[in-house]
Amino acid sequence: KPRLNLPPGPKPIPVIGNLHQMSHDLPHKTAYEFSKTYGPIVHIRMGQIPSIVVSTPALAKEILRNQDLVFCSRPPLTVLRKYSFNGCDVAAAPYGEHWRNLRKIFILELLSNRKLPFFRSSRQSEVDQMIDSIRTRPDQDSPVNISDLMVRLSSSIVCRVVFGYKSKGKYGERSGFHDLLEEGNALFDTVFLADYFPRFGWIIDWFTGARLRLERNARQLDKFYNQVIEEHKISAAAAEKGQDLHDEDFVDVMLRLGKEEGSTITKDHIKGAIMDVLVGGTDTSASTVVWGMAELARNPRVMKKAQEELWSVVGDKGKVEESDLPQLEYLKLVVYETMRLHQQSPIPRESMEQCKVDGYDIPKGTLVFVNAWALARDESSWENALEFRPERFIGSPISHLGNDFQYIPFGAGRRICPGINFGMATVHVALANLLYAFRWELPPGIKEDDIDLDEAPGSVTYKKNPLFLVPRNK
Ligand code: HEM
């Protein structure tokens with residue numbers, strides 16, 4: 001075989017490759033440091049699996065647009081396979097017929113504009129309850145844990161659209177289901193050696209107990225989803241008889257589509273779709289609002305401007321509704337700027353055949369990461385890149401829709417996030433209502449600069465230390 005001309009990268013050590021350098025700290029930062037030494041495309045050996053990280057807009061475009069068809073598959077990583085019910089979903093499925101069909105269902109059925117009134121009322125009702133809970137909390141001087149609050153809000157919204165309005169209380173906060181999801185999230189962030197050492201890694205995963213934890217958690221989730229599906233079948237039968245009429249939630253939609261003639265939807269597809277929305281839609285939106293509030297607390301000028309806009313546009317209506325959002329220009333800039341500085345970790349892609357990028361050979365089966373975090377902080381694309389300045393987006397043609405490769409918070413190409421509108425609406429409406437309803441003060445003894453922006457490691461980029469602020473009635 002002719003020798004491949006691989007991109008440059010840190011020297012791998014025998015067997016392990018560079019895994020020891022990637023498995024600690026924050027991988028996007030480590031990869032960024034490598035790019036300073038080795039250039040915009042870096043080859044990193046994860047055990048026996050080759051991977052590349054690119055970190056310029058031109059190379060991001062090459063991967064996500066020009067050669068998207070080569071790079072639009074997902075690797076069969078242990079957790080992705082397990083929680084997608086063996087690829088029966090959108091996010092983890094390898095590229096192909098099945099992925100195309102299910103993605104179509106996401107776009108045309110689950111997340112279609114027809115469902116907007118249902119989404120709006122679900123979001124508004126949960127946001128109203130959250131604001132009420134802050135207003136009526138027993139100790140009015142105590143700081144509020146915004147991080148905690150946002151996970152609960154986002155999760156209630158998502159559970160409501162997936163499982164239906166009756167889910168509240170049953171699968172709501174602190175139920176056994178949430179403990180299962182929390183364990184699932186922890187397992188998402190666990191390194192499974194089987195992925196990087198296909199011949200013997202799985203033995204170590206069983207030995208360390210990681211595989212057993214994964215099997216147990218997946219089994220419990222499976223049991224839970226079976227129960228949810230059975231309950232939905234009963235309520236669908238009642239609805240057919242004109243009883244128990246309610247908005248169709250995601251499980252209802254999947255069951256209805258599954259009954260259509262020629263449908264290939266199985267129970268596993270319903271479970272895979274549930275997992276995608278719960279995992280893809282909860283922590284991403286929650287963490288974005290937390291970062292937004294943290295940046296605003298550090299930048300009182302921006303907080304004041306955003307609140308003045310809200311108070312003037314919404315007046316004394318009492319709450320911000322989704323119909324107000326188009327008039328909230330400055331709030332939109334604040335969300336854009338928050339998403340620029342606080343990106344989610346990319347879901348890895350996998351190359352489906354050998355190809356060339358920037359003159360280098362990229363073998364088939366390479367793990368591919370586009371370092372969106374580095375792109376959005378690059379001084380050659382962004383003036384004073386590390387400064388939080390929403391005004392930089394005024395009159396800018398750059399959008400979040402995957403056409404401007406220095407700014408791809410939702411990815412780009414065939415695999416771009418299908419939940420953009422849903423996620424954006426949740427982030428906007430949550431942030432808007434927090435800012436509209438209260439003046440926010442720092443806890444006693446804390447100064448603006450004391451609010452850190454440290455990131456927690458994991459598949460969702462969370463603020464490492466919870467954000468505490470004191471809400472005051474305006
Ligand atoms: C602020 C909120 C959100 C952010 C920042 C975000 C970000 C992302 C990113 C970066 C990707 C990877 C795209 C790629 O590989 O190029 C992705 C994929 C995905 N997201 Fe989101 N997301 C958000 C909200 C949502 C919501 C609300 C849902 C569902 C209702 C969702 C469902 C998905 C799914 C299913 C995929 C996989 C798409 C595929 O592989 O074809 N996301 N998201």
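Whatever order the structure lists them in is the order used to number ligands and atoms, beginning at 1.
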Q: Would you please say whether a donor-acceptor pair under 3.5 Å links the side chains of D378 and S380?
A: yes

Q. Between G272, P418, G402, which one has a non-hydrogen atom sitting closest to atom 19 (C) of ligand 1?
A. P418

Q | Distance filter under 4.0 Å to R349 heavy atoms, resulting ligand 1 atoms | A | 14 (C), 15 (O), 16 (O)

(Q) I want to confirm something. Looking only at heavy atoms, which of F71, F410, F369 is nearest to atom 3 (C) of ligand 1? (A) F410

(Q) Using only atom types and a distance under 3.5 Å, with no angle test, would you say the side chain of R349 pairs donor to acceptor with the backbone of D68? (A) no

Q) Relative to each other, are the rings of F163 and F224 parallel, tilted or perpendicular (30° and 60° limits)? A) perpendicular

Q: Consider every N or O of D276 and every N or O of ligand 1, then say whether any pair is closer than 3.5 Å.
A: no

Q. Do you know which of H400, H342, H428 makes ring pair (Phe, Tyr, Trp, His ring centres under 6.0 Å) with Y336?
A. H400

Q) Do ligand 1 and R103 have nitrogen or oxygen atoms that lie under 3.5 Å from each other? A) yes

Q.
Please determine whether any non-hydrogen atom of Q343 lies less than 4.0 Å from an atom of ligand 1.
A. no

Q: Below 4.0 angstrom from a heavy atom of G280, which ligand 1 atoms are there? Numbered from 1 as shown, please.
A: 23 (C), 24 (C), 25 (C), 26 (C), 31 (C), 42 (N)

Q: Please check if atom NZ in K29 has more than 12 non-hydrogen atoms from other residues, nucleotides or ligands closer than 6.0 Å.
A: yes

Q. Around E383, counting heavy atoms of other residues, nucleotides and ligands shown, do more than 12 lie under 6.0 Å from its CD?
A. no

Q. Are the side chain of D324 and the backbone of E321 linked by a donor-acceptor contact shorter than 3.5 Å?
A. yes

Q) What residue pairs, at least two apart or across chains, pass side-chain hydrogen bond (donor to acceptor under 3.5 Å, both in side chains) with a residue in residues 273-286? A) N185-D283

Q. For ligand 1, which atoms, with element, lie under 4.0 Å from some heavy atom of A412?
A. 16 (O)

Q. Side-chain contact, heavy-atom cut-off 4.5 Å: L19 with L193?
A. yes

Q.
Suppose we measure from atom 26 (C) of ligand 1 to each protein heavy atom; which comes out shortest, and what is that distance?
A. G281 CA, 3.5 Å

Q: Give the C-alpha distance, both sets of side-chain angles, the deciding distance and a yes or no for side chain to side chain contact (heavy atoms under 4.5 Å, CB included) between H28 and F369.
A: CA-CA 9 Å; H28 52 272; F369 298 88; over 6 Å; no

(Q) Donor-acceptor check, side chain of E337 to backbone of R389, threshold 3.5 angstrom: yes or no? (A) yes

Q: Using a 4.0 Å heavy-atom threshold (strictly under), name the region of P409 that reaches ligand 1: side chain, backbone, both or neither.
A: backbone

(Q) Whether the side chain of N145 engages the backbone of S147 through a donor-acceptor N/O pair (distance < 3.5 Å, no angle test) should be reported. (A) yes

Q) Would you say ligand 1 has an N or O under 3.5 Å from any N or O of R415? A) yes

Q | atom 43 (N) of ligand 1: the protein heavy-atom neighbour that sits closest, reported with distance to 0.1 Å | A | C417 CB, 3.1 Å

Q | S345 N/O under 3.5 Å from ligand 1 N/O | A | no

Q | Among T461, V460, T284, closest by any non-hydrogen atom to atom 23 (C) of ligand 1 | A | T284

Q. Quick one: nearest non-hydrogen protein atom to atom 1 (C) of ligand 1, plus distance?
A. M339 CE, 3.6 Å

(Q) Which residue and atom name correspond to the protein heavy atom nearest atom 28 (C) of ligand 1, and how close is it? (A) G419 CA, 3.7 Å

Q | Proximity of P346 to ligand 1 by residue part, where a heavy atom lies under 4.0 Å | A | neither

Q | Close-contact set for ligand 1 against V277 heavy atoms, below 4.0 Å | A | 30 (C)

Q) Got an N/O contact under 3.5 Å between Q344 and ligand 1? A) no

Q. Can you tell which part of M424 has a heavy atom less than 4.0 Å from ligand 1: side chain, backbone, both or neither?
A. neither

